Each structure stands twice: as C-alpha cells, then as structure tokens.
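Predicted model only: the values in this text are computed from it and were never measured. Proteins get letters first, then strands, A, B, ... in listed order; numbering begins at 1 in each.
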Number of protein chains: 2
Amino acid sequence: MDTADKDNAPAKELNVWIVEDHPSYRKSMVFLLNSMDGFNCEKDFEDVESALDELKEGKPDIILCDIDLPGMNGVAGVAAFKAVYDDIFVIMLTVHDEEEYIFNAICAGADGYLLKSTSEEELNRSIMEVVNGGAPINPRIAHKVLKMFSTFAPKQDDYDLTEREQEVLKLITNGKTKKHVAAELFLSFHTVDYHLRNIYKKLQVNSRTEAVAKALRERII
Amino acid sequence: MDTADKDNAPAKELNVWIVEDHPSYRKSMVFLLNSMDGFNCEKDFEDVESALDELKEGKPDIILCDIDLPGMNGVAGVAAFKAVYDDIFVIMLTVHDEEEYIFNAICAGADGYLLKSTSEEELNRSIMEVVNGGAPINPRIAHKVLKMFSTFAPKQDDYDLTEREQEVLKLITNGKTKKHVAAELFLSFHTVDYHLRNIYKKLQVNSRTEAVAKALRERII
DNA sequence: GATGCAACTACGCAATTACGTGGTATTATA
DNA sequence: TATAATACCACGTAATTGCGTAGTTGCATC
C-alpha cells in the first residue's frame with residue numbers, strides 16, 4: 001500500500017460520492033470533481049437511500065450530501081452514513097443557511113458545511129481540510145454557528161466562589177455526599193457542610209439539587 | 001480598479017490594527033499587511049491596554065489580536081474593544097487551539113479565529129470574509145467548535161424514560177422536593193418516590209444529585 | 001492591637017431522601 | 001386468558017440533608 005504522507009501523496013485519489021437530487025447540478029458536480037486533481041467521483045445518487053444501498057458494496061472517502069432530498073433528508077443521511085462506516089467524511093453541500101438546518105446537521109455529525117455557491121478552488125481546499133481532520137465551514141455559516149454558540153453560552157459569572165467552594169461544588173455535582181467530599185478533601189463533615197452553606201448563599205439557592213442545576217446550567221464548575 | 005467582486009468599494013483600504021506582544025512577529029505581520037493589496041496597518045500594539053488607549057483617538061476596521069498577552073489577555077480584549085466600538089471586527093490570531101480558549105474567545109464575541117500558521121493568502125481571504133459578515137475559522141478549530149457544539153446537542157439516548165418520569169425529572173431538576181412535585185402533579189408523595197426510583201434505575205444512578213447532573217449534562221430533559 | 005475574612009470544627013434537630021417491601025388499577029399485547 | 005408495562009398508593013427505617021448556633025485558627029489590612 002502506498003503510504004499517504006502529509007498532504008500530497010501523489011498516487012492515491014480521494015474517492016468522492018455525491019448525493020444530490022437535481023440532475024443537472026449533480027452532473028456538473030461530478031464533472032467538476034473528476035476534473036480536479038486528486039479527486040475521483042465514481043458514484044452519484046439522487047437520494048440517501050440509494051447511496052446507503054451502494055454503501056454495502058464499498059465506501060468512498062468522502063460524501064458530499066445535499067440537505068433537501070426526497071425521502072430521507074441529508075441530515076438524517078449523515079447519521080445513517082456514519083452508522084455504516086464511521087470513518088466516512090460527510091460534507092453538507094446546500095443552499096440552506098438557516099440556523100435550524102445548520103444546527104441539526106452539525107449535531108448529526110457533519111464534518112463540513114458548505115454552500116452550493118462554493119467555488120471550485122474552495123471545494124478543493126475544503127475536501128482536503130476534511131481529510132486532514134479539519135472542518136471547513138462556509139464563513140457565513142460559521143458566523144451563525146458562532147452566534148448560536150454564544151447564545152447557548154454562559155455568561156461566566158462564578159458568583160465569587162472561593163477555590164474551596166468550587167472544589168466542594170464540583171464534587172457535589174459529581175454526586176458525592178458531604179461525607180464523601182469530606183473524605184476526599186481530608187476535611188471534616190462539618191467543614192464541607194459549612195462550605196456548602198456558603199455556596200448556597202452565594203448561588204442564592206437552598207438545596208443541593210438547585211446548586212447542581214445552577215452550576216451545570218451556567219457552567220460555573 | 002482591480003478585480004471587481006460584489007462589494008468592491010473603490011480603493012477604500014481596510015485599516016487593520018495588530019495586538020501582539022512578540023515584537024518580531026508583530027513587525028512581520030505589519031509588514032505583511034501593508035504589502036497586501038487593500039489593507040493598511042497603521043498601528044500596532046504590544047498589549048490590549050495601549051490599543052484601548054489609542055481607540056479613544058480613532059478606530060480601525062479590524063483588529064487582529066493575540067490571546068496570550070501581558071496584562072489583559074486577548075479574550076478579555078475582544079470584549080473591551082467591542083465595548084468601545086461595537087462595529088469593530090476582531091479576529092483572534094493565536095497558537096492556541098485548546099477548547100477552553102476557543103470557547104471563551106467565541107463567547108467574548110470574536111469574529112474569527114485563526115492560527116498563527118495562517119498563510120498570507122488565507123489571512124487576506126479571512127479579513128475579507130469578516131468584513132463581508134462571515135466568520136473565518138481555522139478548520140482545525142472549526143472541527144473543535146463542531147465537536148463542542150454537538151455536546152450541546154439534544155441527546156439521542158433518553159434512557160427510555162416514560163412521559164411521567166420525564167415530568168418528574170424535570171421538576172426535580174428545577175429543585176423541587178418530592179413533596180412539591182407531588183403537589184404539582186396531583187400525585188401522592190409515594191408515587192413521585194416511585195417514579196424517582198425508576199428514573200434512578202434507568203439512569204443508573206442512586207441519588208437525585210447524580211440524576212440531575214446526568215439529566216443536565218446529557219440534555220435529557 | 002483590632003478588625004475582618006476564609007477556612008476549619010462541632011452539636012442538634014426537623015425535614016428530606018433512598019430504598020426495601022407490600023399492594024391496586026388500567027391498558028395493551030401475546 | 002394471561003401477562004407485561006405503566007401508573008398509582010402505602011409503610012418503615014437508616015441515611016442524608018439543611019440550617020441554627022457556637023466556636024478556633026491563620027493571615028492580611030488597617
């Protein structure tokens with residue numbers, strides 16, 4: 001076998017499949033890929049189901065997959081492909097830049113997310129990035145991802161917990177009882193109790209359940 | 001005029017500032033930027049503080065900012081810059097690809113996240129992407145962002161909790177006692193107790209703290 | 001030297017929890 | 001008709017929790 005070093009092993013072509021229901025766009029993608037150095041598009045499909053079928057016979061390195069498809073959609077497709085071969089790279093290639101789609105595709109395990117307006121040069125680069133462990137994302141989409149990310153995200157208010165209190169909270173959050181925490185931190189039960197009371201006061205709660213919930217939801221620990 | 005892309009305002013140069021403590025790297029960045037068509041790097045700083053100072057006099061279009069800096073770090077810097085002018089674009093330019101840094105930078109409002117190994121051509125493209133509302137992210141970092149993102153994702157494994165159990169778990173997670181849950185769901189204390197036991201069994205835990213932690217961490221509820 | 005603060009220890013008690021064990025009613029599926 | 005699954009109710013007990021109260025120690029600031 002030829003050892004694929006770094007980026008440019010000359011011999012080994014990357015095998016790319018395309019799943020796309022619009023015949024003309026699909027054809028042009030196939031043509032484009034085959035005309036690009038280092039890529040080989042030997043199979044193309046109009047739906048996820050037939051691609052899955054063909055996956056029984058053999059696997060590509062990469063699947064470029066549309067989202068809007070008849071039957072199973074592309075997002076479900078990603079999960080399905082990865083269920084068969086978990087080392088297949090799947091890049092979403094779509095016109096959708098709605099948060100809903102992006103979010104779902106990412107969660108389904110897509111390795112990249114490109115818009116159909118992607119240039120040949122960018123497509124080429126993106127595929128190489130995926131193969132090298134990166135995740136090419138169209139910047140416009142990346143922007144949305146970042147925005148989504150920061151809304152999920154926590155404003156990091158640590159409620160002025162002291163280091164000790166954070167230690168205790170962490171262990172409590174991991175399900176330990178006060179007794180266990182005491183043993184683990186070489187403290188007396190009463191000391192842990194003392195810290196926990198202060199934690200409650202600072203977080204403005206009055207049960208360990210609320211404290212744990214707050215700590216996890218706001219990523220305090 | 002040169003290449004006419006869509007948003008090509010005639011000959012308006014983009015003013016870029018650099019915040020970077022390593023003198024040699026900073027100098028070479030300045031030189032690089034000034035040699036690139038369409039960019040103008042008129043000011044460079046060795047720390048966030050002096051950049052903030054200068055921001056009182058005038059603003060750039062874009063700030064390229066390191067993370068590891070003496071004094072205020074780059075992540076705090078992003079927030080500080082945006083607090084002065086919220087339309088400044090800030091791109092993190094760093095060697096760090098640890099999740100911690102990425103996460104914090106994104107949450108602080110960074111518009112892009114590039115590694116210092118970024119090529120001239122890529123830097124050029126990235127700046128243009130930012131100005132056009134995109135978010136250039138190094139693919140290796142994007143990969144981590146996606147991975148982080150999918151941990152936020154709705155868990156597939158809901159541990160086969162019944163609807164009732166989910167109701168109970170939700171209330172418990174919100175800090176209610178069994179007594180309260182019973183009152184809220186018009187059940188007896190014992191019934192809530194019963195459901196909770198089943199929840200523990202299904203989640204394979206044996207305390208409400210662990211159950212809450214698992215529920216929140218895996219987004220079951 | 002006084003003051004404050006974080007960290008630590010301690011006792012007691014009511015409330016709550018975890019869990020073993022005993023039931024019943026309804027509904028869907030074999 | 002049997003049986004499993006879900007939801008429901010109940011008793012008792014040991015363990016744990018939440019919290020009022022009352023101390024000591026070390027260290028830094030004033």
Value rounded to 0.5 Å, distance of CZ in R208(B) from CG in L169(B)
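Interatomic distance, R208(B) CZ to L169(B) CG, rounded to 0.5 Å: 10.5 Å.
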
If I take atom CG from residue L115(B) and atom CD1 from residue I137(B), how far apart are they, to the nearest 0.5 angstrom?
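The distance works out to 11.0 Å.
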
Whole angstroms only, please: what is the [atom1]-[atom2] distance between [X] and [N]?
X       : N       : atom1 : atom2 : answer
R208(A) : dG18(D) : CZ    : C1'   : 10 Å
Y200(A) : dT16(D) : OH    : C1'   : 11 Å
N206(A) : dG20(D) : CG    : P     : 10 Å
H180(A) : dA15(D) : NE2   : C1'   : 11 Å
E167(B) : dT6(D)  : CD    : P     : 15 Å
E210(B) : dC19(C) : CD    : C1'   : 15 Å
K178(A) : dA15(D) : NZ    : C1'   : 12 Å
L196(A) : dT17(D) : CG    : P     : 8 Å

Check whether D193(B) reaches the backbone of F189(B) with its side chain - one donor and one acceptor, N or O, closer than 3.5 Å.
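Between the backbone of F189(B) and the side chain of D193(B) there is no qualifying donor-acceptor contact (under 3.5 Å).
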
Does the D111(B) side chain pair with the main chain of I91(B), one donor and one acceptor, at a distance under 3.5 Å?
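Answer holds: no.
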
[Y]/[X] salt bridge by N-O under 4.0 Å criterion:
X       : Y       : answer
K43(B)  : E57(B)  : no
K170(A) : E167(A) : no
D66(A)  : K116(A) : yes

Kindly check if the number of other-residue, nucleotide or ligand heavy atoms within 6.0 Å of NZ (K214(B)) is above 12?
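Atom NZ in K214(B) is crowded, with more than 12 foreign heavy atoms closer than 6.0 Å.
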
Verify the neighbour count for atom CZ of F31(B): are there more than 12 heavy atoms of other residues, nucleotides or ligands below 6.0 Å?
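Counting other residues, nucleotides and ligands, CZ of F31(B) stays at 12 neighbours or fewer.
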
Would you give a per-nucleotide map of nucleotides 3-15 of chain C, 5' to 3', where B means the base has a protein non-hydrogen atom under 4.0 Å away, S means only the sugar-phosphate does, and - means neither?
----BBBBB----

Go along nucleotides 24-30 of chain C 5' to 3' and tag each nucleotide: B for a protein heavy atom under 4.0 Å from its base, S when only backbone or sugar atoms are that close, - otherwise.
-------

Considering the terminal five base pairs at each end of the helix from dG1(C)-dC30(D) to dA30(C)-dT1(D), what angle separates the two local helix axes, rounded to 10°?
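The end-segment axes of the helix from dG1(C)-dC30(D) to dA30(C)-dT1(D) are tilted 40° relative to each other.
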
Does any part of the side chain of E54(B), heavy atoms only, come nearer than 4.5 Å to the side chain of W17(B), both counted from C-beta?
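Sidechains of E54(B) and W17(B): in contact.
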
Verify side-chain hydrogen bond (donor to acceptor under 3.5 Å, both in side chains) between Y159(A) and E165(A), making sure each step is shown before the conclusion.
CA-CA 11 Å; Y159(A) 294 90; E165(A) 285 160 359; over 6 Å; no

Nearest listed nucleotide, side chain of S207(A), among dG18(D), dA18(C), dT16(D)
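Looking only at side-chain atoms, S207(A) lies closest to dG18(D).
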
